[in-house]
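Take a look at the structure below.
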Amino acid sequence: MTIDKVIRTRRTSMLVDKDRPVPRDLVLELCELAQWAPNHKRTWPWRFAIAEGDGRATLGGVIADAMASFGDDPERVAKTRTKYLRTPTTLVVGAAPGDSPLRTAENRDAAAAGVQNALLAATERGLASYWGSCPKGANDAVAALCGFEPGTHVVALVYLGWATETVAAPERPPVQLHVIG
Ligand SMILES: Cc1cc2nc3c(=O)[nH]c(=O)nc-3n(C[C@H](O)[C@H](O)[C@H](O)COP(=O)(O)O)c2cc1C
């Protein structure tokens, strides 16, 4: 696929073969490609952790406990415990803190750019991917579970699995290009 085609084909999707594992080496490739994203000051902020097998329930449990301690709705908390069993793998991507608020923000931007690299690489390999946010109040618990340093922002929980269906693309709005006079 050309790069344009990959960009237009990538969809947020969890339509995967639940019984077909995603090889860990393949996930490592996605992480390696993520690290080719632009990164101001070359701070190398990307942090990765993988949840597969029983680790998925561990991840869901830690997030659910954090949500419960913040008084989240019990039904949502209960759903969260099994949420990460929906795909064979979840890749957690963190952005390490910088030495100033500006650098911390830039690290997050670089991490987000890295996530997109990983999503595109996943698409090209036939994997479905789904970028989920870290639920409110669970950031520090997830970062600790993943072994990330304190202050790391959890940028994405990326569900991964072998795609079973293609998903229609939502329309994009027309480009708004302002010309600076
Ligand atoms: C920073 C970020 C956080 C996101 N968090 C969630 C999320 O928590 N739950 C969710 O359903 N989708 C989440 N998404 C995915 C968007 O909902 C999705 O990209 C959007 O619906 C457009 O669909 P597409 O990716 O197929 O074009 C997130 C995307 C980004 C960039």
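In what follows, every heavy atom counts, from backbone to side chain, and hydrogens, waters and symmetry copies are set aside. Remember, it's 1-based here, ligands and their atoms both numbered in the order they're listed.
- For atom 21 (O) of ligand 1, the nearest protein heavy atom lies 4.0 Å away or farther.
- Close approach of ligand 1 to Arg10 is summarised as follows: ligand atoms under 4.0 Å from at least one heavy atom of the residue are 24 (P), 25 (O), 27 (O).
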- Message: Thr164 vs Asp17, test: side chain to side chain donor-acceptor pair (under 3.5 Å). Steps then yes/no.
- Response: CA-CA 6 Å; Thr164 51; Asp17 182 345; over 6 Å; no
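- The contact set between ligand 1 and Arg11, taken as ligand atoms under 4.0 Å from a residue heavy atom, comprises 24 (P), 26 (O), 27 (O).
- Note on ligand 1: Arg108 sits outside its first shell, no heavy atom being nearer than 4.0 Å.
- Annotation for Val142 and Val92: closest pair CG1-CG1, 4.0 Å, computed over non-hydrogen atoms.
- Of all protein heavy atoms, the one lying nearest to atom 23 (O) of ligand 1 is Thr12 OG1, 3.7 Å.
- In terms of protein heavy atoms, atom 29 (C) of ligand 1 is closest to Trp131 CG, 4.0 Å.
- Those atoms of ligand 1 with a heavy atom of Arg172 less than 4.0 angstrom away are 27 (O).
- Side-chain heavy atoms closer than 4.5 Å link hydrophobic residues (I, L, V, M, F, W, Y) into clusters, and following such links, even through other members, never connects Leu127 to Met14.
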- Task: Please test Thr58 against Asp54 for side chain to side chain donor-acceptor pair (under 3.5 Å), starting from the C-alpha separation and ending with a verdict.
- Result: CA-CA 7 Å; Thr58 305; Asp54 293 343; over 6 Å; no
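- Atom CZ of Arg125 has more than 12 neighbouring heavy atoms from other residues, nucleotides or ligands inside a 6.0 Å radius.
- Annotation for Trp44: atom CH2 counts as buried by contact number, over 12 foreign heavy atoms lying within 6.0 Å.
- Ranking the protein heavy atoms by distance from atom 10 (C) of ligand 1 puts Tyr130 OH, 3.3 Å first.
- Of the protein's heavy atoms, none falls inside 4.0 Å of atom 17 (O) of ligand 1.
- Around atom 3 (C) of ligand 1, the closest heavy atom drawn from Ser133, Ser13, Pro170 belongs to Ser133.
- Annotation for Ser129 and Val158: closest pair CB-CG1, 4.3 Å, computed over non-hydrogen atoms.
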